[in-house]
Amino acid sequence: MEYSKKVLDHFMNPRNMGEIEDATATGTVGNPICGDIMKMYLKIEDNVIVDAKFKTFGCGSAIATSSMATELIIGKTTDEALVLTNRAVADALDGLPPVKMHCSVLAEQAVKKALYDYYQREGLMTPERKEMFKILEEDES
Amino acid sequence: MNDQLEQRLKEAENMPRVYFDHAATTAPHPEVLDVVTRMLNHVFGNPSSFYKEGHKASYMLEDARSKIASLLDVRSDEIFFTSCGTESDNWALKGMALSSASKGRHIITSKIEHHAVLHTAEALEKQGYDVTYLDVDRFGLINPDDVEKAIRQDTILVSIMTANNEIGTVEPIREIGSVCRKHGLPFHSDGVQALGAIPIRPRELNCDMMSFSGHKLYAPKGVGILYKRKGLRLANFMDGGAQEHGRRGGTENVAYAAGFAKALELAYEALESEAKRQMRLRDRLIDGIIQRVPHTKLNGHPTKRLPNNVNVSFEFIEGESILLLLDALGFSCSSGSACTSSSLDPSHVLLAIGMPPEVAHGSLRVTLGRSSTDEEVDRFLEVIPLVVERLRVMSPLWEDYQQGRLASLIPEEGGKDVTILGGYGLS
Ligand code: FES
């Protein structure tokens with residue numbers, strides 16, 4: 001099994017690693033498959049994600065996908081971030097080995113969990129938005 | 001701290017790599033390579049053929065067999081060449097299951113065996129055999145009394161490894177063998193990881209069968225041995241021609257058999273001095289790592305341990321990411337983390353010694369060899385705190401621990417034990 005150059009780059013030089021002290025929303029998810037944990041911090045202003053940071057306890061792929069996910073959502077509106085898929089994260093990293101695809105699911109879930117927290121708290125949850133959070137239930141069962 | 005790591009990463013590009021995974025495989029010894037290539041060049045005949053080339057090959061094969069037999073202090077006709085350690089294990093278990101099926105269908109083994117034994121036992125279970133997988137203590141030791149208690153009327157075989165490949169624990173197989181003797185039961189031991197590292201003489205160890213593999217002791221991959229005590233009935237595994245006294249079909253790999261003999265000769269010549277030398281390096285590593293990195297524990301037994309094996313768990317971080325950073329720093333090591341296994345399960349050995357999956361996650365195995373030096377150990381001890389620190393800074397669990405939301409399972413000063421056995425109770 002070998003990682004792409006991009007995965008290794010994001011693993012060796014993770015972008016946006018750390019905490020946001022005054023985060024607007026956070027999401028922590030655990031990976032039921034291998035037992036890893038990812039925490040996402042979002043700073044949201046006027047429905048725009050102005051900053052995102054992560055912490056991850058997991059493999060190289062889990063760290064790289066967290067890093068890439070933050071890059072993909074910073075500057076986006078929350079609704080734009082909501083449609084981010086694990087595929088898109090994996091593709092942005094030039095692909096992942098098949099056994100490592102589940103780590104990218106963790107990244108998608110962490111972003112969604114934080115957004116869920118945000119929409120709920122701000123009273124912005126709509127039935128359409130709620131649809132988008134199905135992935136959180138699916139994999140936690 | 002991070003600058004130091006960056007510095008090290010840059011330096012590593014121009015430094016020789018450090019191979020610290022000798023339990024996975026070893027590079028063939030030059031003298032072994034020499035024997036093998038000479039054989040391939042000059043002895044191509046089929047040992048079964050009736051002309052000069054065949055005789056020569058047959059002579060070389062028997063020469064290799066008798067050299068190995070004398071080093072192991074057994075008879076030549078008790079040594080059978082196979083293709084690898086896995087084949088030897090399969091043969092011992094399946095062969096015995098087949099030839100003793102009329103006597104009974106119960107086999108005793110342990111939870112920490114190599115997959116070559118475990119998965120063979122599971123395959124036999126599917127065929128209607130009954131297998132007892134013995135527990136081990138927190139150091140990975142099997143208690144000979146437990147073996148005795150597990151013996152039943154219909155038990156046909158006991159198979160316990162000589163030393164564990166992951167945590168290096170050396171099992172009391174002589175005692176287990178004598179329990180088996182007392183009950184008239186055949187005893188097989190997977191000696192793959194032990195041969196060449198500690199003195200092995202199957203008779204002294206009360207073993208009726210032992211499996212070995214060439215590539216763990218500086219011979220090439222693709223050659224193994226099954227020792228089988230004369231007179232012990234064992235069904236064939238590989239049917240075919242009359243090779244290996246009609247017990248293992250297939251044209252013999254004369255060159256590799258000779259290579260194995262050479263490798264064993266070299267290993268036994270230097271056994272004591274090499275074991276002493278590696279034990280000193282091993283203990284430098286163990287003590288050094290635990291001193292330098294807080295919340296680190298030793299896995300396996302502190303003294304009943306293979307001379308070349310170091311296995312530690314770093315709390316709050318994951319093993320694959322440790323390996324990736326170490327690789328970038330020039331070190332080849334291995335881990336029992338779920339993320340490094342293709343099945344995504346944590347190592348069965350680490351779970352069997354009672355380790356919470358979270359702690360199994362952060363395990364690192366370093367296995368030394370003949371090429372290992374003090375300089376390599378120094379270099380490793382300098383970088384390992386940087387690697388762990390880097391990953392802990394990234395870990396949400398470390399943050400939780402530092403902010404008092406999570407208790408640590410391994411005390412700060414490290415040691416041999418996990419203090420909270422249940423794990424963090426996450427997920
Ligand atoms: S997080 Fe465990 S395999 Fe990637």
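Within every chain, numbering begins at 1; the chains are lettered A, B, ... in the order of the sequence lines, protein sequences first and strands thereafter. What's counted below: heavy atoms across the whole structure, side chains too, no hydrogens, waters or symmetry copies.
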Pair A/I63-B/E318, side-chain contact (heavy atoms from CB on, under 4.5 Å): steps then yes or no: CA-CA 11 Å; A/I63 289 170; B/E318 187 279 325; over 6 Å; no

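- Atom CZ of A/F57 is separated from atom CD of B/E399 by 14.0 Å, given to the nearest 0.5 angstrom.
- Checked by atom type and distance alone, the side chain of A/K39 never pairs as donor or acceptor with a backbone atom of B/L397 at under 3.5 Å.
- By the 6.0 Å contact criterion, CZ on A/R87 is open, its count of non-hydrogen atoms from other residues, nucleotides or ligands being 12 or less.
- Contact between A/C59 and B/C339 at its shortest, heavy atoms only, is CB-CB, 3.6 Å.
- Within the 4.5 angstrom heavy-atom criterion, atoms from both the backbone and the side chain of B/L324 approach chain A.
- Open room surrounds CD on A/E21; 12 or fewer heavy atoms of other groups in view lie less than 6.0 Å from it.
- Neither the backbone nor the side chain of B/I322 comes within less than 4.5 Å of any heavy atom in chain A.
- Taking CD of A/E19 as the start and CD of B/Q403 as the end, the distance is 6.0 Å to the nearest 0.5 Å.
- Side chains of A/P14 and B/R390 form a contact here, defined as non-hydrogen atoms less than 4.5 Å apart.
- Among all heavy-atom pairs drawn from A/G58 and B/S321, the shortest one is O-OG, 3.3 Å.
- Residue contact with chain B, scored on non-hydrogen atoms closer than 4.5 Å, is absent for A/P97.
- Contact annotation: the side chain of A/K55 never approaches that of B/V393 to less than 4.5 Å [non-hydrogen atoms, C-beta and beyond].
- The line from CE of A/M38 to CE of B/M394 is 12.0 Å long, rounded to the nearest 0.5 Å.
- Heavy-atom distances place the backbone of A/S61, and not its side chain, under 4.5 Å from chain B.
- Residues A/T28 and B/P396 form no side-chain contact, since every pair of their non-hydrogen atoms from C-beta on lies 4.5 Å or further apart.
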